[in-house]
Amino acid sequence: MKSLKLISLAITMLICFVTMAQERTITGIVTDQSNIPLPGAYVVIKGTKKNTQTDYNGNYSIQAKKGDALVFSFIGMKSQTKVVGDKTIINVKLEEESQSLEEVVVTGYAVKRKKHQTAASVQIVQGTEVRAKTSKKQVQPVTNASVTTVRESSSISSKNEPVYIVDGVRIKADQMAKINPNDIKDVHILKNDPNSSIHSGTNNGTVIITTKNDLYKNLSEKELDKKLNTITPIPAEPSQEDYDTFVENAFESPKTAPLSTFSIDVDNASYTNIRRFLNNGQEVPKDAVRVEEMVNFFKYNYPQPKDQHPFSINTELSDSPWNSKNKILKIGLQGKNIPTDDLPASNLVFLIDVSGSMSEMNKLPLLKQSMKILVNELRQKDKVAIVVYAGAAGLVLPPTSGDEKKTIIDALDQLNAGGSTAGGAGINLAYKIASENFIKNGNNRVILATDGDFNVGDSSNTDMEKLIEEKRKTGVFLTCLGYGMGNYKDSKMEILADKGNGNYAYIDNIQEANRFLGKEFKGSMFAIAKDVKIQIEFNPIQVQSYRLIGYENRKLRPEDFKNDAIDAGELGSNHIVTALYEIIPAGVSSTYLTSLPDDLKYTKVQETTTNFNNELATIKFRYKKPDGDKSIEMVQVIENKAIVLEKASDDFKFSSAVAWFGLKLRDSKLISNKSSEEIVKLAKQGNSNDGEGYKAEFIRLVETSKQYN
């Protein structure tokens with residue numbers, strides 16, 4: 001009997017394992033019949049509690065297996081069910097829910113009800129008669145209905161569109177499109193009566209909108225236009241969110257500063273954080289904008305390395321789109337793409353914040369779903385441990401094989417938020433577990449997931465920096481995943497990643513989790529080179545002045561370049577790094593130049609008479625192997641050979657557009673052109689190889705931000 005129970009248990013575990021193995025990521029977009037994305041639509045696996053919501057652009061991502069029924073729903077729309085088959089992309093169009101609607105007739109100041117009709121909230125339009133379609137599901141009596149006097153604008157809607165009335169003011173369709181959805185309190189869709197004077201000239205009904213604070217009441221058409229075209233963004237709360245302040249890089253002369261040295265940065269947390277602010281209609285804090293992280297969010301078409309080095313070097317020189325007399329030098333690194341089967345075994349420790357501040361839906365619940373995506377990427381030779389911290393730190397899952405996915409996921413599902421945040425204790429325990437299970441020549445990594453709100457024990461940025469620098473000596477790498485908003489501590493997350501041989505991502509939704517932890521798993525989790533540094537020497541014959549765009553907190557001293565004790569960034573498998581320099585060519589007059597004193601006795605720089613006239617700069621790279629201690633150097637000469645912007649590569653155009661937008665968000669004083677229309681135009685010209693739609697999303701963000709100018 002005992003053996004039968006064991007066999008039964010084994011069969012049950014096998015079925016669970018097979019079920020987990022069959023799960024895959026299903027993605028798609030939910031729209032209405034006019035192909036307009038529906039943000040906030042629900043996607044549920046029928047018969048389960050597993051669900052997700054669409055993001056700002058109508059995109060969703062959910063783990064499901066073949067045969068699962070996905071139920072798509074949205075308020076006011078008919079639900080739709082799609083069965084998962086062989087395809088991993090399921091797009092859905094939802095129709096308006098009209099068959100369950102009945103009519104309410106509103107005449108003057110009285111309400112008449114038809115047979116079998118339920119009550120609904122109805123606004124009365126003075127001196128007119130309209131028929132309101134109302135849902136049977138909405139049952140609330142009509143009492144003390146208010147009178148709304150409609151003032152018509154000078155333009156009448158065409159017969160192919162409804163009448164729009166906002167706070168009693170009739171507006172045009174293009175004005176309607178500019179209303180912030182967050183300002184809307186109620187929406188009523190009314191069917192026309194042919195005898196109603198207010199609706200003459202249109203056959204498609206009336207949309208009556210009430211805003212939360214009567215924002216548009218009693219405005220003239222001119223005042224309405226002005227208000228709709230100048231939207232005040234919701235202020236950010238810098239007192240609750242913590243960002244390190246920095247001053248953008250200034251122009252420097254190669255005569256007084258011949259060398260520019262910096263560490264690579266493969267983080268892209270700043271971009272996803274900015275995306276969160278813009279999608280929420282909020283003002284972006286200036287110090288939340290790190291231009292290099294915005295640029296490096298996107299993938300560019302650089303060739304794979306062809307020699308013994310782990311990355312290829314690619315440069316391009318063209319015109320500056322924001323300062324017409326200047327040039328932009330683009331430097332691109334492409335990490336070697338190592339096949340998954342050839343990647344070393346992983347020793348991972350999930351370090352998860354379960355403190356009280358993590359209880360919100362976009363924190364611990366999103367975090368757990370994110371980690372499940374990563375778990376699905378693991379192999380049998382990989383192992384995972386889970387450490388949590390709140391008032392204290394503890395081990396909730398000892399090192400477990402990557403093929404025991406159900407065990408790992410069950411441990412994640414049992415996590416709950418509560419208590420204070422002993423971040424320092426958690427880091428100590430996580431590194432202890434990682435060090436005890438260290439795999440020689442393997443991928444040893446702590447993955448810290450938190451909102452960064454450390455408030456017990458070592459908590460100051462200086463304390464955390466010292467702690468993580470000490471832990472770096474163990475040879476264990478670090479990945480930081482940031483979650484949440486409101487009390488988000490970006491500064492701590494950035495310090496931890498920068499000082500801990502690590503990288504840093506901000507997870508604003510499940511789609512971003514799927515990108516960073518699923519699709520880009522190899523680049524995010526497997527280092528092929530560490531302490532990667534760049535040093536460039538500009539030729540003063542060709543370059544009057546230069547500045548590095550972004551990388552302000554990654555700059556190094558010239559002497560740090562050859563010092564192997566100085567930490568720098570890591571590069572992952574198939575990872576891409578892009579850096580941009582703005583150059584003022586020799587002989588060009590510019591208001592951004594700082595005059596050099598010409599009466600110096602000892603520091604006067606002698607003009608060279610050598611034959612370097614065709615060289616713009618010499619660029620050097622140093623890196624270490626993931627388990628190495630001694631750096632390797634690469635050198636390349638950059639020709640002074642520029643091409644016009646129109647003929648520049650798509651990568652050049654798009655990366656420049658992203659940097660341009662970042663500089664605008666920072667209100668940079670070093671760009672003369674801040675036109676959003678021009679940024680969009682350049683980004684569209686460079687939009688290619690965009691299978692995932694991230695570049696198109698960027699363009700929409702810039703277009704959306706125009707209303708906050």
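Computed from a prediction, not measured in an experiment: that's the story for all the values here.
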Handout entry: Ala683: side chain to side chain contact (heavy atoms under 4.5 Å, CB included) partners, not counting sequence neighbours
Key = Phe654, Ala657, Phe698, Ile699
Any donor-acceptor N/O pair, [X] side chain to [Y] backbone, under 3.5 Å:
{"X": "Thr474", "Y": "Lys471", "result": "yes"}
{"X": "Asn347", "Y": "Ala434", "result": "yes"}
{"X": "Thr400", "Y": "Pro398", "result": "yes"}
{"X": "Asp508", "Y": "Asn273", "result": "no"}
{"X": "Ser676", "Y": "Val702", "result": "no"}
{"X": "Lys669", "Y": "Asp667", "result": "yes"}
{"X": "Asp68", "Y": "Lys65", "result": "yes"}
{"X": "Gln511", "Y": "Asn59", "result": "yes"}
{"X": "Asp382", "Y": "Arg379", "result": "yes"}
{"X": "Asn249", "Y": "Gly550", "result": "yes"}

Going by heavy atoms in the side chains, are [X] and [Y] under 4.5 Å from each other?
{"X": "Ile408", "Y": "Met371", "answer": "no"}
{"X": "Lys533", "Y": "Ile566", "answer": "yes"}
{"X": "Ser655", "Y": "Leu580", "answer": "yes"}
{"X": "Leu366", "Y": "Tyr483", "answer": "yes"}
{"X": "Ile409", "Y": "Val375", "answer": "yes"}
{"X": "Asp353", "Y": "Asp451", "answer": "yes"}
{"X": "Asn509", "Y": "Gln53", "answer": "no"}
{"X": "Asp267", "Y": "Asn296", "answer": "no"}

Handout entry: Plane angle bin for Tyr60 and Phe72 - parallel if under 30°, tilted between 30 and 60°, otherwise perpendicular
Key = perpendicular
Exercise for the section: Anything under 30° is parallel, anything over 60° is perpendicular, the rest tilted; go ahead and classify Tyr694 against Phe297. Expected result: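 Ring orientation of Tyr694 relative to Phe297: perpendicular.
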If the threshold is 4.0 Å, N to carboxylate O, is there a salt bridge linking [X] and [Y]?
{"X": "Lys466", "Y": "Glu470", "answer": "no"}
{"X": "Lys372", "Y": "Asp413", "answer": "yes"}
{"X": "Arg515", "Y": "Glu512", "answer": "yes"}
{"X": "Glu552", "Y": "Arg666", "answer": "no"}

Handout entry: Within 6.0 angstrom of Lys46 NZ, more than 12 heavy atoms from elsewhere
Key =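 Not buried by this count: 12 neighbours or fewer within 6.0 Å.
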Exercise for the section: May I ask you to check whether over 12 heavy atoms, not counting those of Lys368, lie within 6.0 Å of atom NZ? Expected result: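 Yes.
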Exercise for the section: Evaluate side chain to side chain contact (heavy atoms under 4.5 Å, CB included) for Asn376 paired with Arg24, printing each intermediate quantity in order. Expected result: CA-CA 8 Å; Asn376 284 331; Arg24 53 217 167 109; over 6 Å; no
Exercise for the section: Using only heavy-atom distances, determine whether the side chains of Ser346 and Arg445 contain a donor-acceptor pair under 3.5 Å. Expected result: no
Practice task
Could you walk me through whether Tyr504 and Asp490 pass the side chain to side chain donor-acceptor pair (under 3.5 Å) test, one step at a time?
Solution key: CA-CA 10 Å; Tyr504 165 34; Asp490 174 87; 2.8 Å; yes
Nearest 0.5 Å, please: how far is [atom2] in [Y] from [atom1] in [X]?
{"X": "Gln334", "Y": "Lys299", "atom1": "CD", "atom2": "NZ", "answer": "8.5 Å"}
{"X": "Thr261", "Y": "Arg557", "atom1": "OG1", "atom2": "CZ", "answer": "10.5 Å"}
{"X": "Thr479", "Y": "Phe350", "atom1": "OG1", "atom2": "CZ", "answer": "10.5 Å"}
{"X": "Thr27", "Y": "Ile89", "atom1": "OG1", "atom2": "CD1", "answer": "5.0 Å"}
{"X": "Leu478", "Y": "Asn503", "atom1": "CG", "atom2": "CG", "answer": "8.0 Å"}

Problem - Near-ring test Tyr271/Tyr506, centroid separation under 6.0 angstrom - result: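 No: the rings miss the under 6.0 Å criterion.
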Exercise for the section: Check the pair Leu378, Leu348 against side chain to side chain contact (heavy atoms under 4.5 Å, CB included), reporting the backbone distance first and the verdict last. Expected result: CA-CA 10 Å; Leu378 299 179; Leu348 305 179; 3.8 Å; yes
